[in-house]
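Data first, discussion second: the structure below is written as structure tokens.
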Amino acid sequence: MSIFDQMMSRYEIKSDSDRLNALHETMQEIALAGLYRSGFFEKAAFYGGTCLRIFHNIPRFSEDLDFSLIAKGETFQIEDYFPAIMEEFNALGREVEISKKEKRGFGKVESAFLKDLTDVYDLSLKSNKKVRIKIEVDTNPPLNFETEQKLLLQPFSFMTRCFTLPDLYAGKMHALVFRNWKNRVKGRDWYDFEWYVRNDTSLNFNHLQIRMKEFNGIEMSQEDFMIRLKDKLATTDIDKVKKDVAPFLKNTQELAIWSNDYFLALANRIRIQ
């Protein structure tokens with residue numbers, strides 16, 4: 001059995017959705033391995049929902065690979081690291097393509113997360129174009145975050161520099177409150193918020209404040225942020241939230257308790273660092 005097949009064999013696959021989720025995660029881990037070999041994590045750190053999934057075992061799948069430089073002012077080109085990613089896939093018998101995304105498809109609010117100077121790329125298998133992973137690096141990041149080294153064992157043993165949980169939490173709360181897609185919501189933000197509260201994770205509010213100032217041009221106290229958060233939690237259509245996150249879950253019964261009142265109760269249990 002090849003290493004790629006060994007990695008895929010970790011998953012219980014009963015449907016096309018299961019297979020796509022397994023392929024996504026296997027590809028994500030191979031891409032991280034290629035980045036590690038290239039020295040990428042000397043300059044950058046991994047964050048976002050996929051980091052939470054791979055290194056903290058949150059029980060939902062994720063799609064994107066989100067990174068941040070660890071300092072401002074670096075001369076950096078993500079394209080320099082693409083050959084290492086492609087070489088890692090080739091070594092496992094898989095060919096991939098990496099293509100640049102057109103920015104005109106990003107809405108105004110969404111571009112607040114991508115920034116005008118950020119280039120976004122799609123990583124896809126040549127044999128299966130449906131499996132596509134967005135790669136993004138924030139080259140002018142909000143600072144005041146901490147990182148740690150996390151171990152991954154496949155396709156070989158290597159370390160990945162990641163945001164610590166309080167700072168991952170800050171990024172997620174910023175996204176939950178300020179992300180504003182036209183006709184839908186990102187239920188994965190809500191799922192992750194629930195996970196942080198249930199795991200009694202502390203929230204680095206200082207990093208959250210910096211993110212709000214740099215991305216949105218506003219300053220908020222803890223009290224003002226909680227008012228805005230609770231308004232979002234109280235007024236969003238929960239059925240849309242559930243619909244978005246359901247394809248990324250093995251057990252959708254987890255969503256049975258979800259309601260606006262449930263999330264408002266979670267908000268009262270946020271532990272701020």
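A quick note: this is a predicted structure, and the numbers were derived from the prediction, not measured.
Relative ring orientation between Trp258 and Tyr191 is described as tilted, the plane-to-plane angle lying within the 30° to 60° band. Between Phe61 and Tyr11, the ring planes lie tilted relative to each other; the angle falls in the 30° to 60° range.
Summarising the geometry, atom CG belonging to Asn260 is positioned 7.5 Å from atom OG1 belonging to Thr235; distances are rounded to the nearest 0.5 Å. Separating the CZ atom in Arg198 from the CD1 atom in Ile58 is a distance of 10.0 Å, to the nearest 0.5 Å. Going from atom CG of Leu165 over to atom CD of Glu148 covers 6.5 Å, rounded to the nearest 0.5 Å. One finds the NZ atom of Lys172 at 10.0 Å from the OH atom of Tyr47 (value rounded to the nearest 0.5 Å). Separating the CG atom in Asp18 from the CD atom in Glu12 is a distance of 7.5 Å, to the nearest 0.5 Å. Distance check, rounded to the nearest 0.5 Å: CD of Glu95 to NZ of Lys126 gives 4.5 Å.
With sequence neighbours left out, Phe158 forms a ring-ring contact (aromatic ring centres under 6.0 Å, His included) with Tyr36, Phe156. Partners of Phe41 by ring-ring contact (aromatic ring centres under 6.0 Å, His included), not counting sequence neighbours: none found.
For the 3.5 Å distance criterion, the side chains of Arg53 and Ser62 fail to qualify, holding no donor opposite an acceptor. Checked by atom type, the side-chain pair Asn21/Lys250 shows no donor-acceptor distance below 3.5 Å. Side-chain N/O atoms of Asn199 and His56 include no donor and acceptor closer than 3.5 Å.
The main-chain N or O of Asp64 is found under 3.5 Å from a side-chain atom of Thr50 such that the two form a donor-acceptor pair. Checked by atom type and distance alone, the side chain of Asn216 never pairs as donor or acceptor with a backbone atom of Ile218 at under 3.5 Å. A donor-acceptor pair under 3.5 Å is absent between the side-chain atoms of Lys100 and the main chain of Val120, judged by distance alone. Counting only distance, with no hydrogens or angles, the side chain of Ser38 and the backbone of Leu35 share a donor-acceptor pair below 3.5 Å. Using modelled atom types, no side-chain atom of Asp224 and backbone atom of Met220 make a donor-acceptor pair closer than 3.5 Å. Not one N or O on the side chain of Glu146 forms a donor-acceptor pair closer than 3.5 Å with the backbone of Phe163. Between the side chain of His24 and the backbone N or O of Ile133 there is no donor-acceptor pair closer than 3.5 Å.
Residues Phe178 and Lys232 come closest through the heavy atom pair N-NZ, 4.4 Å. Nearest heavy-atom pair across Gly34 and Ala84 is O-CB, 3.5 Å. Minimum interatomic distance between Trp195 and Thr201 (heavy atoms only, all atoms of both residues): CZ3-OG1, 4.4 Å. Heavy atoms only, all atoms of each residue included: Cys162 and Lys150 are closest at SG-CG, 3.7 Å. Pairing each heavy atom of Arg94 with each of Asp5, the nearest pair is NH2-OD1, 3.9 Å. What you find for Leu143 and His207 is that their closest heavy atoms are O-ND1, 2.8 Å.
Other residues, nucleotides and ligands contribute over 12 non-hydrogen atoms within 6.0 Å of the CG atom of Asn268. The number of heavy-atom neighbours closer than 6.0 Å to CD of Glu87, taken from other residues, nucleotides and ligands shown, is 12 or below.
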**Study point:** side chain to side chain donor-acceptor pair (under 3.5 Å) between Tyr121 and Glu79, worked out
**Key:** CA-CA 9 Å; Tyr121 295 84; Glu79 298 95 326; 2.5 Å; yes
Practice item. Output, in order, the C-alpha distance, side-chain angles, deciding distance and verdict of salt bridge (Lys or Arg N to Asp or Glu O under 4.0 Å) for Arg228 and Glu223. Key: CA-CA 9 Å; Arg228 185 152 181 168; Glu223 294 76 13; over 6 Å; no
**Study point:** side-chain contact (heavy atoms from CB on, under 4.5 Å) between Asp66 and Phe46, intermediate numbers included
**Key:** CA-CA 6 Å; Asp66 296 312; Phe46 189 26; 5.6 Å; no
Practice item. Would you sort out whether Tyr196 and Leu203 count as a side-chain contact (heavy atoms from CB on, under 4.5 Å), showing the intermediate values? Key: CA-CA 9 Å; Tyr196 283 118; Leu203 170 65; over 6 Å; no
Point to revise | Residues Ser157, Leu152; criterion side-chain contact (heavy atoms from CB on, under 4.5 Å); working and verdict | key: CA-CA 6 Å; Ser157 295; Leu152 200 60; over 6 Å; no
**Study point:** side-chain contact (heavy atoms from CB on, under 4.5 Å) assessment of Ile54 paired with Gln28
**Key:** CA-CA 9 Å; Ile54 292 176; Gln28 288 161 354; 4.0 Å; yes
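Counting only heavy atoms from C-beta outward, the side chains of Glu219 and Met212 never approach each other to under 4.5 Å. Here the side chains of Leu123 and Phe82 are not in contact, with every heavy-atom distance at 4.5 Å or above. Side-chain contact between Gln273 and Tyr169 is absent, with no heavy-atom pair separated by less than 4.5 Å. Considering only heavy atoms from C-beta on, Met226 comes within 4.5 Å of Ile270 through its side chain. A 4.5 Å side-chain heavy-atom check between Ile238 and Trp190 finds at least one atom pair inside the cut-off. At least one side-chain heavy atom of His174 sits less than 4.5 Å from a side-chain heavy atom of Phe215. Within the 4.5 Å cutoff, the side chain of Leu176 has heavy atoms near those of the Leu233 side chain. Under the 4.5 Å side-chain criterion, counting only non-hydrogen atoms from C-beta, Asn204 is not in contact with Phe145.
A salt bridge links Glu63 with Arg188: at least one charged nitrogen is closer than 4.0 Å to a carboxylate oxygen. Under 4.0 Å is where a charged nitrogen must lie from a carboxylate oxygen, and between Lys186 and Asp244 no such pair does. Salt-bridge annotation for Asp122 and Lys134: absent, with no side-chain N of the basic residue lying under 4.0 Å from a carboxylate O of the acidic one. For the pair Glu29 and Arg10, the salt-bridge criterion is met [side-chain N within less than 4.0 Å of a carboxylate O].
Under a hydrophobic-cluster definition in which Ile, Leu, Val, Met, Phe, Trp and Tyr are linked whenever side-chain heavy atoms come within less than 4.5 Å, directly or via other members, Leu264 and Ile227 are assigned to different clusters. Both Val185 and Ile257 are part of a single hydrophobic cluster, where members link through side-chain heavy atoms under 4.5 Å apart. Under the 4.5 Å side-chain heavy-atom criterion for grouping Ile, Leu, Val, Met, Phe, Trp and Tyr, Leu153 is not connected to Met7 through any hydrophobic cluster. One hydrophobic cluster, built from ILVMFWY side chains closer than 4.5 Å, holds both Met173 and Tyr262. One hydrophobic cluster, built from ILVMFWY side chains closer than 4.5 Å, cannot hold both Ile210 and Leu229; they sit in different ones.
Among residue pairs with one or both ends in residues 260-273, those qualifying as salt bridge (Lys or Arg N to Asp or Glu O under 4.0 Å) are Asp200-Arg271; sequence neighbours excluded.
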